[in-house]
There are 2 protein chains.
Amino acid sequence: MSSGSTPDLDIAVDPGRRMSSDERRQQILVAALAVFGTRGYDGATTDEVARAAGVSQPYVVRLFGSKENLFLATIEEALARLLTAFREATVDADAETIGKRVGQAYVDLLSVRGLHQTLANAYLMGSHPVIGPAARRGFAAVWRFFRDDMGLDADRAREFLAEGMLISTMIGLRLVDDYGSDPEITELFRSCFPTDLPHILDVVPRGTDRW
Amino acid sequence: MSSGSTPDLDIAVDPGRRMSSDERRQQILVAALAVFGTRGYDGATTDEVARAAGVSQPYVVRLFGSKENLFLATIEEALARLLTAFREATVDADAETIGKRVGQAYVDLLSVRGLHQTLANAYLMGSHPVIGPAARRGFAAVWRFFRDDMGLDADRAREFLAEGMLISTMIGLRLVDDYGSDPEITELFRSCFPTDLPHILDVVPRGTDRW
DNA sequence: GTCTATACCGTGATAGAC
DNA sequence: GTCTATCACGGTATAGAC
């Protein structure tokens, strides 16, 4: 049951309702993004995911088979949303605006709690025998999008990747939380994102996801 | 005792020898960099750190007080080495070469097993009540170095940070392991590091640190 | 300075009812 | 489709000897 210690991660729509397996899976995946994003793979518990989704812990395991499988499914979900958003950003965009559009899409995805952080966590698990390969495939898929669908040259693609990693890092660090209170963090953040910052501050939920 | 399951992480110089507290601390920190770098904070166990350092698990806890404290000390160690290497790279460097020099220093540090990965893991723990603030301080310190000691403007500093995060990501993903065998990874890696790659391949230990 | 033994607890997974 | 009960394991930390 969903109750108690982490109310801010609770995303259950209608806790008691009986729903289709697919609906539940989707709901659990959204919860998993938030939990894995905050705690990382090993730090997250299937119980916390379950509570965030408003179901019981054994049911989460039942639906996905194992914690490892749940994480794999969560990565897939994150990548699917990412690439879909990117693709949508490229329609009706000329070579002039396409970069800004896709960058914007990346920042907009910050509103999906834990999406970037979950991917960032996966990217750090390269030496895991099953998660590692999946993470590499996912990363390669994003790169392929930059190269093939966006038609970027190697240099621009690298810049895109690098910029994305920097944004992810600053989000994972939760620099946002100290923005405005700690003068140095404020300056660091400002100087790194002279243009995007207002939008980031607008779209990122601050002070939530607390440990 | 150091034995068995993860021989490649064993860095004990002389397992049986009795040494000063400070020597042991240092030895354990080097082991901790490798273990935390591979497994992350929650995935790592104090026992694996102990075995890698050639001491008993309770002794690691005894010396550092707790796993959390050990991790904080490990981050400090990583940052100290990073900033020291950066500083050394800036002496006798003019405005023309300083960028290349510091970048080179960053890549060279890949030879310290787990250093970049440990920092990357810390950077993802922004919402942890005690590790989060420490990680933010560390990140800010690096940024301060770019700004004050290297005298970079905001734009160049951001580029440096971003490039660093990209390198960290690719290392954490262990793209190196598939380099040469997987054609797509090979191309991705090549196109991202047209110049540095030979050096990276030279300095990064491949196929070790396996799960 | 360093070990062995061990207490204790959190977590993933299974069994089985409804 | 979903829960409750429960088990087995692994991991941190403590006690205390050498």
Side-chain angles (χ1 to χ4, degrees), chain A residues 1-6 9 12-29 31-32 35-36 38-74 128 130-131 211, chain B residues 1-6 9 12-29 31-32 35-36 38-74 128 130-131 211:
Chain A
M1 282 298 168
S2 83
S3 66
S5 54
T6 53
L9 286 182
V13 183
D14 188 352
R17 200 177 124 240
R18 196 187 183 92
M19 39 176 77
S20 79
S21 215
D22 277 1
E23 270 181 296
R24 274 291 188 226
R25 273 185 70 95
Q26 195 55 33
Q27 191 178 10
I28 290 172
L29 286 177
V35 175
F36 282 129
T38 308
R39 308 273 223 250
Y41 175 68
D42 286 291
T45 68
T46 53
D47 187 59
E48 195 175 358
V49 173
R51 278 188 281 109
V55 297
S56 70
Q57 179 268 332
Y59 190 49
V60 169
V61 174
R62 168 78 87 129
L63 274 186
F64 290 86
S66 67
K67 181 185 180 180
E68 191 176 285
N69 271 327
L70 171 61
F71 190 64
L72 289 175
T74 308
H128 189 290
V130 4
I131 298 172
W211 205 263
Chain B
M1 283 298 168
S2 83
S3 66
S5 56
T6 53
L9 285 183
V13 182
D14 186 356
R17 198 174 126 243
R18 196 186 183 91
M19 38 175 77
S20 79
S21 215
D22 276 0
E23 271 180 296
R24 273 292 187 227
R25 274 185 69 96
Q26 195 55 31
Q27 192 178 8
I28 291 172
L29 286 177
V35 175
F36 282 129
T38 308
R39 309 275 225 249
Y41 175 67
D42 286 291
T45 67
T46 54
D47 187 59
E48 195 175 358
V49 173
R51 276 188 282 108
V55 297
S56 70
Q57 178 268 333
Y59 190 49
V60 169
V61 174
R62 168 79 86 126
L63 274 186
F64 290 88
S66 68
K67 181 185 180 179
E68 190 176 286
N69 271 326
L70 170 63
F71 190 64
L72 290 174
T74 308
H128 189 290
V130 4
I131 297 173
W211 205 263

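Throughout, protein chains are lettered first and strands after them, A, B, ... in sequence-line order, and every chain is numbered starting at 1. Worth knowing before you read on, the calculation uses all heavy atoms, side chains too, and leaves out hydrogens, waters and symmetry mates.
A perpendicular orientation is assigned to the rings of F36(A) and F71(A), their planes being inclined by more than 60° (bins at 30° and 60°).
In this structure, T46(B) and V60(B) approach most closely via the heavy-atom pair O-CG2, 4.4 Å. The shortest non-hydrogen separation linking N69(B) to F64(B) is CB-O, 3.0 Å. A pairwise comparison of heavy atoms in K67(A) and D42(A) identifies NZ-O, 3.6 Å as the closest pair.
As rounded to whole Å, 14 Å separates atom P of dG1(D) from atom CD of Q27(A). Nucleotide dC3(C) holds its P atom 11 Å from the CE atom of M19(B), rounded to whole Å. A straight line from CZ of F71(B) to P of dG11(D) spans 17 Å, rounded to a whole angstrom. Straight-line distance from the CZ atom of R51(B) to the C1' atom of dT2(C): 18 Å, rounded to whole Å. Spacing between atom OH of Y59(B) and atom P of dT14(D) amounts to 16 Å, rounded to whole angstrom units. Taking atom CD1 of residue I28(B) and atom P of nucleotide dG1(C), one finds them 11 Å apart after rounding to whole Å. Between L63(B) atom CG and dG1(C) atom C1' the separation is 8 Å, expressed in whole Å.
E23(B) places a side-chain N or O within donor-acceptor distance of the main-chain N or O of S20(B), the cut-off being under 3.5 Å.
The one candidate from L70(A), L29(A), V61(A) that meets the side chain to side chain contact (heavy atoms under 4.5 Å, CB included) condition with V49(A) is L70(A).
In terms of the side-chain contact (heavy atoms from CB on, under 4.5 Å) criterion, residue partners of S21(B) (sequence neighbours excluded) are, by chain and number, L63(B).
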Checklist entry - Going 5' to 3' along nucleotides 5-18 of chain C, which nucleotides have protein heavy atoms under 4.0 Å from the base (write B), which only from the sugar-phosphate (write S), and which from neither (write -)? => result B-----SBBB-B--
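The phosphate of dG1(C) has OP1 or OP2 within less than 4.0 Å of a side-chain N or O from S21(B).
Residue M19(A) holds its CE atom at 14.5 Å from CZ of R25(A), rounded to the nearest 0.5 Å. Distance check, rounded to the nearest 0.5 Å: OH of Y41(B) to OG1 of T74(B) gives 10.0 Å.
Rounded to 10 degrees, the angle separating the terminal axes of the helix from dG1(C)-dC18(D) to dC18(C)-dG1(D) is 10°, with each axis obtained from five end pairs.
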